[in-house]
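Okay, structure first, notes after.
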Amino acid sequence: MLALLLGNSLSFLSESNARTAAGICLTSRNVLRLGVALLGARVSVEMVSELGAGLFYLVVGAVVFTMLSTAIVGRLAGMSWRLSLLTGGAVAICGASAAAALDAVLPGRGSRERDLTRTIVIITVLSTSATIFHPMLAIWLQFDAQQAGVFIGGTIHDVAQVVGAGFSLSEETGEVATFVKMIRVSLLAPIMIATSVFTALLGADDGQKVRKLGQAIPGFVLGFALLAALNSVGLLPAVVADLAAEVSRWALLMALGAVGMRTPLKELATLRLSTIGLALLATGLLTTFVVVGLLWHRG
């Protein structure tokens with residue numbers, strides 16, 4: 001969020017200076033894709049077995065339900081399917097990181113930077129608000145430590161806010177919440193692949209069809225999946241995984257700063273109520289799905 005806003009304040013560099021504009025464009029695209037690919041080093045299949053089948057299916061179902069419902073509602077409301085998918089993915093998976101990753105596999109369009117910036121701003125505000133209210137909701141619903149952890153990890157958008165909200169209740173809740181959140185993050189690879197294939201079949205870049213489906217899955221998505229697979233089978237040394245995760249964080253930070261530099265501050269003043277409403281709806285759908293699932297699992 002801070003990187004985006006700092007980039008916004010320097011947006012004149014991409015508007016009036018051709019030399020800096022080239023570097024900003026390179027960072028917002030190539031460095032972003034590098035950061036997404038290296039995210040795979042933080043993911044492993046081992047997470048799934050530790051949670052249990054029932055709660056794992058609940059988390060996966062919540063992600064899929066939220067993305068599909070948001071895309072459908074956004075389309076029925078006359079909004080861009082790209083923006084609807086971007087919003088649903090950011091809410092369902094992992095906030096700003098998911099928004100950046102999904103934006104990288106969506107077809108190019110003139111409003112790319114504006115859509116991404118608006119989505120991240122809205123999602124960050126909602127996630128910060130959830131950090132305050134979701135622990136209170138977990139107490140009101142009388143969830144135990146594990147249930148509260150699944151609720152917080154399964155509904156709050158960004159990893160940092162999940163950690164803060166979870167450990168504000170108890171150490172066990174914080175650990176479960178962080179673990180559940182990482183399962184949501186691990187779904188980013190198959191979601192990106194599915195999105196790539198979906199957009200290839202639907203059409204890309206103003207309706208032009210992608211002729212070869214193999215072109216639909218970008219190399220950085222395959223890199224993400226490869227690193228996650230190597231980490232899952234223990235072939236990725238801990239030192240390498242930690243280094244990749246750190247480089248990924250810095251790459252995404254620089255890329256989001258560049259995205260902000262390509263989006264003038266005046267664009268943030270044009271946030272539509274429909275866009276905010278769609279993000280609120282997606283958050284409500286995700287929260288409702290997880291709460292109903294937990295209550296059913298408990299009873």
Pairwise distance [atom1]([X]) to [atom2]([Y]) - rounded to 0.5 angstrom:
{"X": "S84", "Y": "I72", "atom1": "OG", "atom2": "CD1", "answer": "10.5 Å"}
{"X": "T275", "Y": "L86", "atom1": "OG1", "atom2": "CG", "answer": "11.0 Å"}
{"X": "L83", "Y": "S274", "atom1": "CG", "atom2": "OG", "answer": "8.0 Å"}
{"X": "T87", "Y": "L278", "atom1": "OG1", "atom2": "CG", "answer": "5.0 Å"}
{"X": "L85", "Y": "D103", "atom1": "CG", "atom2": "CG", "answer": "10.5 Å"}
{"X": "L102", "Y": "L188", "atom1": "CG", "atom2": "CG", "answer": "6.0 Å"}

Could you tell me whether a side-chain N or O of [X] sits under 3.5 Å from a main-chain N or O of [Y], the two making a donor and an acceptor?
{"X": "K181", "Y": "V176", "answer": "no"}
{"X": "R75", "Y": "S80", "answer": "no"}
{"X": "R184", "Y": "A92", "answer": "yes"}

Following the transitive rule for hydrophobic clusters with a side-chain heavy-atom cut-off under 4.5 Å over Ile, Leu, Val, Met, Phe, Trp and Tyr, establish whether [X] and [Y] coincide in one cluster.
{"X": "L243", "Y": "L38", "result": "yes"}
{"X": "V162", "Y": "M136", "result": "no"}
{"X": "L6", "Y": "M254", "result": "no"}
{"X": "L226", "Y": "V240", "result": "yes"}
{"X": "I132", "Y": "F167", "result": "no"}

Check [X] against [Y] and note the closest heavy-atom contact, atom names and distance.
{"X": "G154", "Y": "V290", "value": "O-CG2, 3.9 Å"}
{"X": "G293", "Y": "L58", "value": "CA-CD1, 3.7 Å"}
{"X": "I152", "Y": "T173", "value": "CD1-CG2, 4.4 Å"}
{"X": "Q147", "Y": "Q142", "value": "OE1-O, 4.3 Å"}
{"X": "T70", "Y": "A282", "value": "OG1-CB, 3.3 Å"}
{"X": "L227", "Y": "A41", "value": "CB-N, 3.9 Å"}

Contacts of F65 that satisfy ring-ring contact (aromatic ring centres under 6.0 Å, His included) - sequence neighbours left out =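 F65: ring-ring contact (aromatic ring centres under 6.0 Å, His included) contacts with F289.
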For a side-chain contact (heavy atoms from CB on, under 4.5 Å) with T287, tell me which candidate from T155, V292, V91, T66 qualifies.
->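 When T155, V292, V91, T66 are each tested with T287, the side-chain contact (heavy atoms from CB on, under 4.5 Å) holds only for T155.
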Where does the angle between the aromatic ring planes of F151 and H134 fall among parallel (under 30°), tilted (30 to 60°) and perpendicular (over 60°)?
->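 Because their plane-to-plane angle is under 30°, the rings of F151 and H134 count as parallel.
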Any side-chain heavy-atom pair from L169 and I139 closer than 4.5 angstrom?
->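 Yes. Closest side-chain heavy atoms under 4.5 Å.
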Taking atom types as modelled, is there a side-chain donor on H157 or T283 under 3.5 Å from an acceptor on the other?
->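 The criterion, which ignores hydrogens and geometry beyond distance, is satisfied for T283 and H157.
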